[in-house]
Amino acid sequence: MLRKPRPNSAGKQNARWNSLCRKCLKPIWNASNSARNCKHMSTDRCVLILGGGGFVGTHLQKALLDRFGASVRVVNTSRKPQDPALLPLDITDTEAVRAVILREKPTHVINLVGIASPVAARRDPALAWELHALAPERLGQVIREEMPGSWLFHVSSGLIYGKAALEVDLVDEKTRLEPMDTYSMTKAAGDMALGVLAGEGLKCIRLRPFNHTGPGQTEDFVVPAFAAQLARISAGLQEPVLRVGNLSAIRDFLDVRDVVAAYTTLVERSDHLETGAIYNIASGHGHSMRDILDKLIALAGVPVRVELDPDRQRPSDLPRIVGSTTALAQAIAWVPTRTIQETLADVLGSWLKSEESNR
């Protein structure tokens with residue numbers, strides 16, 4: 001990762017921010033942080049990822065570097081980074097965000113910040129409003145003021161369509177928003193606020209991804225929750241009982257690697273995008289939770305008993321939501337490349353490997 005070094009509180013250069021050139025092995029930045037020390041690493045793009053320390057951000061950083069190589073500088077940030085390679089940055093601290101934008105001069109800002117799940121948002125609605133709506137609106141203002149030529153890619157959620165999804169087979173970007181819970185309501189508010197700013201000149205597109213999963217996702221989400229239990233059962237660490245929530249709900253599942261491929265392609269083709277555009281990130285196919293579970297059980301090859309767990313039920317669960325892929329396919333010729341079977345096999349495999357190493 002290429003990043004300008006960041007002074008510590010004593011004003012001295014923190015060496016961890018000064019990456020080495022892969023060709024000459026010299027520090028990229030000079031001692032005063034004012035100029036590049038190495039000329040090998042000229043870049044065409046600088047992508048600032050906000051909230052990039054989690055599941056999606058990790059995959060996104062890899063996808064950007066794989067696609068663009070030395071022609072991109074990726075500045076990946078997290079509010080409380082566990083990885084020392086991540087830049088600490090809290091999106092709620094507007095002046096800190098402004099300072100990073102002025103220093104790094106990103107060509108693209110991808111905002112992944114958010115509360116991970118509807119359950120967590122319901123527990124802390126004030127934080128949900130701040131992270132999903134208020135801070136993104138301030139971010140848009142800062143970019144418009146300080147870096148008006150930069151693109152903001154704001155990652156919202158397909159769940160903001162809410163009850164309106166029940167009226168159509170495939171939800172497209174013109175479907176009205178009818179959120180059903182704190183998570184989707186606050187996500188919708190941030191989405192709409194940035195739509196207003198786009199109308200006032202902010203270079204912004206809004207992305208509405210549907211459910212996505214893959215290796216590295218935590219048990220807070222349904223697919224890894226199933227897979228982790230099956231891995232523990234397979235390893236003899238759990239009785240052969242799977243505890244589940246609502247299995248009748250139908251969702252549109254994507255592989256996270258397909259999702260970040262869409263984000264990366266949007267970066268690549270941003271010169272051809274129209275500000276204010278909205279794109280669903282979806283597969284166009286629905287799968288019931290029962291179908292997902294049955295596929296995972298078959299892949300695991302272990303006998304299990306399935307039990308309903310009331311604690312895993314969500315009061316606002318939508319019976320069905322599936323997204324249209326048409327707009328994004330027309331804009332950048334993106335379509336998912338991984339089947340649900342391939343994704344589930346990879347998720348289960350990662351959990352089997354993890355449990356095996358813990359034995």
Side-chain angles (χ1 to χ4, degrees), residues 1-9 14 16-17 19 46-65 73-106 108-143 146-147 150 152-157 159 182-187 189-191 193-194 204 206-207 209 212 216-221 224 256 259-260 263:
M1 184 189 308
L2 312 180
R3 181 180 293 122
K4 190 174 178 179
R6 181 173 180 265
N8 63 19
S9 58
N14 186 338
R16 78 182 185 187
W17 300 114
S19 302
C46 174
V47 180
L48 173 63
I49 305 174
L50 302 178
F55 168 59
V56 178
T58 302
H59 284 279
L60 176 57
Q61 178 175 323
K62 182 180 184 302
L64 288 165
L65 293 173
R73 183 162 56 94
V74 179
V75 182
N76 202 356
T77 74
S78 177
R79 186 180 184 187
K80 296 180 179 179
Q82 302 298 312
D83 183 347
L86 293 171
L87 178 69
L89 183 63
D90 184 349
I91 194 175
T92 67
D93 186 341
T94 304
E95 293 312 306
V97 170
R98 188 188 305 274
V100 169
I101 287 173
L102 286 171
R103 185 179 73 230
E104 302 295 347
K105 295 180 170 50
H108 300 79
V109 179
I110 303 178
N111 180 27
L112 300 176
V113 174
I115 294 177
S117 70
V119 172
R122 189 167 63 246
R123 292 190 189 121
D124 195 342
L127 182 61
W129 275 106
E130 180 63 28
L131 295 182
H132 295 167
L134 301 176
E137 194 273 342
R138 296 196 301 269
L139 169 66
Q141 295 280 14
V142 168
I143 293 172
E146 308 293 356
M147 291 291 294
S150 298
L152 171 59
F153 291 1
H154 177 70
V155 179
S156 180
S157 170
L159 287 174
T182 300
Y183 178 87
S184 56
M185 176 173 59
T186 54
K187 280 283 192 178
D191 186 300
L194 287 168
C204 174
R206 290 166 283 164
L207 305 172
H212 42 290
Q217 193 174 34
T218 70
E219 287 185 72
D220 294 328
F221 298 86
V256 66
V259 173
V260 298
Y263 297 165

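In this chain, residues are counted from 1 in sequence order.
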Indicate yes or no: at least one non-hydrogen side-chain atom of Leu86 is less than 4.5 angstrom from one of Asn76. yes
Between CZ on residue Arg73 and CG on residue Leu48, distance to nearest 0.5 Å: 9.5 Å
Side chain to side chain contact (heavy atoms under 4.5 Å, CB included) between Val113 and Leu139, worked out: CA-CA 11 Å; Val113 174; Leu139 169 66; over 6 Å; no
For Arg206, all residues meeting salt bridge (Lys or Arg N to Asp or Glu O under 4.0 Å), sequence neighbours excluded: Asp191
Smallest separation among heavy atoms of Lys187 and Ser156, with atom names: O-OG, 3.7 Å
Heavy-atom pair with the smallest gap, counting every atom of Tyr263 and Phe153: O-CE2, 4.2 Å
Is the backbone N or O of Pro88 less than 3.5 Å from a side-chain atom of Thr77, with the two atoms forming a donor-acceptor pair by type? no
Mind checking whether Pro209 and Val155 have side chains closer than 4.5 Å, heavy atoms only? yes
For Glu95, is there an ion pair with Arg138 - N to carboxylate O distance below 4.0 angstrom? no
On a heavy-atom basis, which atom in Val75 and which in Cys46 lie closest, and how many Å separate them? CG2-SG, 4.1 Å
Heavy-atom donor-acceptor pair, Ser150 side chain to Pro106 backbone, under 3.5 Å: yes
Minimal non-hydrogen separation, Leu102 against Lys105, with atom names: O-NZ, 2.8 Å
Residue set satisfying salt bridge (Lys or Arg N to Asp or Glu O under 4.0 Å) with Glu137, at least two apart, ordered chain then number -> none
Pairing residues for Ser184 by the side chain to side chain donor-acceptor pair (under 3.5 Å) criterion, not counting sequence neighbours: Asp181
Please report the closest heavy-atom contact between Glu219 and Pro224, naming both atoms and the distance. CG-O, 4.1 Å
Considering only residues two or more places apart or on different chains, which pairs with a residue in residues 115-143 satisfy ring pair (Phe, Tyr, Trp, His ring centres under 6.0 Å)? His132-Tyr183
Distance col, row Ile115:CD1 vs Thr182:OG1, nearest 0.5 angstrom, shows 9.0 Å
CG/Leu50 to CD1/Ile101 distance, rounded to the nearest 0.5 angstrom? 7.0 Å
What's the spacing between Ile91 CD1 and Asn111 CG if we round to 0.5 Å? 4.0 Å
Hits for ring-ring contact (aromatic ring centres under 6.0 Å, His included) against His59, two or more places apart or cross-chain, chain-then-number order -> Phe55
Quick check: closest heavy atoms across Thr58 and Gly53, and the distance to 0.1 Å? OG1-O, 4.0 Å
Please report the interatomic distance CG(Leu89) to NZ(Lys80), rounded to the nearest 0.5 Å. 14.0 Å
For Arg79, the side chain to side chain donor-acceptor pair (under 3.5 Å) test, sequence neighbours excluded, returns Asp90
Indicate yes or no: at least one non-hydrogen side-chain atom of His212 is less than 4.5 angstrom from one of Val56. yes
